[in-house]
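Scroll down for the structure; my scribbles are underneath it.
The chain is numbered in sequence order, starting from 1. Just follow the structure's listing: the first ligand is 1, and inside any ligand the first atom is 1.
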Amino acid sequence: MNEKIWRLAAADEQHIAALATALQLPQPVARLLASRGYADPAKAAHFLRARLSDLSDPERLPNIGSAVARLAAALAAHEKIVVFGDYDADGLTSTALLVHVLRALGGSVEAFIPQRLDEGYGLSVPALERCIEQHQPHLIVTVDCGTCATEAVRHAQSAGVAVIVTDHHDAAGEIAPALAVVNPKLGTETGLRQLAGVGVAFKLCHALLKQLRRTPPHPPVDLKQYLDLVAIGTVADVVPLVGENRILVRHGLLRLADTANLGLRALMNVAGLGENPDAWHIGFVLGPRLNAVGRLGKADKVLELLLTADPGRAHDLAEQLNAANLERQTIEKRMVVEALSEIEAFFQPTEHFGLVVANAGWHPGIVGIVAARLVQRYRRPSIVLAQEPDGTCRGSCRSIEEFQLVEHLAQCADLLTRYGGHSLAAGLSLSTVNLAAFKTRFNELARRTLGNLDLRPTLRLDAWLPPRGINDDLHDALEGLRPFGHQHPEPIWAARGMRIVGQPRRMAKETLGLTLAGEGTLLRAIGFGMAQRQIPDGPLDVAFQLRRQTWKGVTALQLQLLDFRPAQPTEHDTP
Ligand SMILES: [Mn+2]
């Protein structure tokens, strides 16, 4: 597992120098920006500023005008509105956002979340029927789902219920005949296509407020106070943290630090989150807690948490979410062990490029996380299926950049009952009688696409640093690049020919501690999970992320090691 290919991100050296001068940036930061598509100083400055005023006009989303007009009419006529969401963190934050805003505008609004385990994802006919029976709405507004829910939308209309769809998923079929389908994937603005469901819901709210502001009295809503919800849904849905998503998340994180949402405040307390939550905390601390109850079939609790005005109730619910997350972890661990033992029984690296495993004892809400673990381990597209007693398999796929899921699943459409999603993550179901044929076909498709590629994990270096360049100025300059996440990862640096001073320290939890020296600079380094790794004699090249740690009142830089290797001459590096 130590066999990583180190690859320096490509960037034009002339651009780097010009950018560093123009924006007064340390060379490595200029290099990073140039390599990530911001070589032009104006573009880079815009990226670094990430101002809310740089968000585009929400009216540029397709069909948003008619959606806003209908919503405004529903508010004016005090019609009963239901926000129909989804059980993941994106769908739940989208729902809470729209409910908060419409209620603040005086709307008569209820929320509805489908049951993951019985009704499945999105606007299905059974979920719709339960929704109508429960709430008797005049108008349903979906968030994070519904683009192709043709049957359910017709069903609603024949029951006299109007439907507005807001969504961000790729259209995998006929577009639902709703009165408006607000989905950036149906438009031509490439910058908006990356929005999460909650980003689309935010745009809808923004457009609605703009509309209402045109005629007094002015609506008493400050949309900025809900940016914490937008940040959470956006990060948790793993959409790229560039463009408008970057702006929304950067400002949403500032809002989250001081959130007025009692549920989020309680959840942060229960999870032990400190002063300045960042995107990592959403992805690895808050996101899993918000998703866990939904996975286990009780997403309504998250919705209640995000909507409650009662601090005691908020605390209780936060505790329940925390407990559900622990339960999820236990189930996940067992499933990973079982999946690995199934795969190891047949796996040949030169034969198996698309992994499909199925088991009757697996939890259908947790298959996606297990698939993600398999991708991490094997670097191949992986599908994990829960076999149901009714003779069907339901599951999740996760993939690598080199293999687009939905287009490959389309080539198995005759074997599947349902599939959909994105290029790196998708869901599917099929009849168990087709399982063997599907396994073979999926592997064959993956072999055709991946068979000739080098699938060893790569470490994408942002720059080689001279040891003297590993300093506080660099660390400070990185603050402006935050938040880091999908498609804008935290920078990885490397340094050549570092010598180990003193003895390596093997510490608790498999942690390795080193003191490194180069060019007269001494640096502390730490490697999580590396305590057992063999340390080569002689100087090392190290790859790391830069941290500033305070310990016993002393603040110092620390290299968080991602890999090390015997020092190599420069010409060995893969470009
Ligand atoms: Mn989503």
Side-chain angles (χ1 to χ4, degrees), residues 61-62 83-99 111-116 119-124 127 141-149 164-172 175-176 181-187 192-205 226-246 248-249 252 279 282-283 286-295 299 302-303 306 365 367-369 371-372 396-399 405-406 418-428 485-487:
L61 277 176
V83 179
F84 187 109
D86 185 27
Y87 40 67
D88 72 2
D90 184 26
L92 290 160
T93 50
S94 306
T95 308
L97 169 69
L98 195 50
V99 168
F112 183 90
I113 303 293
Q115 292 284 344
R116 182 176 193 133
E119 295 162 343
Y121 162 77
L123 185 61
S124 63
V141 186
T142 72
V143 287
D144 195 31
C145 67
T147 297
C148 296
I164 293 170
V165 167
T166 80
D167 194 3
H168 72 129
H169 290 88
D170 289 320
I175 307 300
V181 179
V182 182
N183 181 337
K185 297 273 168 61
L186 305 180
L192 297 175
R193 297 171 67 87
Q194 302 178 325
L195 289 173
V198 73
V200 176
F202 181 83
K203 294 268 179 192
L204 178 70
C205 294
Y226 302 111
L227 280 167
D228 43 12
L229 292 168
V230 182
I232 290 172
T234 301
V235 174
D237 223 44
V238 202
V239 290
L241 286 200
V242 298
E244 302 215 2
N245 289 337
R246 167 177 168 81
L248 292 169
V249 173
I282 293 178
L286 296 178
R289 284 167 173 78
L290 294 170
N291 277 320
V293 275
R295 292 183 188 287
V302 182
L303 192 65
L306 296 176
V367 287
I369 315 180
S396 284
C397 332
R398 296 291 183 272
S399 192
L405 276 178
V406 174
R418 201 175 170 193
Y419 68 94
H422 306 286
S423 63
L424 291 177
L428 78 171
H486 185 53
Q487 288 188 18

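For the 3.5 Å distance criterion, the side chains of Asp144 and Ser94 fail to qualify, holding no donor opposite an acceptor. In this model, a donor atom of one side chain and an acceptor atom of the other lie less than 3.5 Å apart for His168 and Asp237.
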Next item on the list: Applying side-chain contact (heavy atoms from CB on, under 4.5 Å), run through Ile175 and Thr147 and close with a yes or a no.
Entry: CA-CA 6 Å; Ile175 307 300; Thr147 297; 4.1 Å; yes
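At least one donor-acceptor pair closer than 3.5 Å links the side chain of Asn183 to the backbone N or O of His169.
Of all N, O or S atoms in Asp237, the one lying closest to the Mn ion (ligand 1) is OD2. Nearest to the Mn ion (ligand 1), among the N, O or S atoms that Asp90 has, is OD2. In Asp144, the N, O or S atom that comes nearest to the Mn ion (ligand 1) is OD1.
Put simply, His168 gets within reach of the Mn ion (ligand 1), with an N, O or S atom under 2.8 Å from it. For the Mn ion (ligand 1), the set of nearby N, O or S atoms under 2.8 Å includes none belonging to Asp86. Residue Asp88: no N/O/S atom is found under 2.8 Å from the Mn ion (ligand 1).
Side-chain contact between Thr93 and Val230: absent, with no pair of heavy atoms (C-beta onward) separated by less than 4.5 Å.
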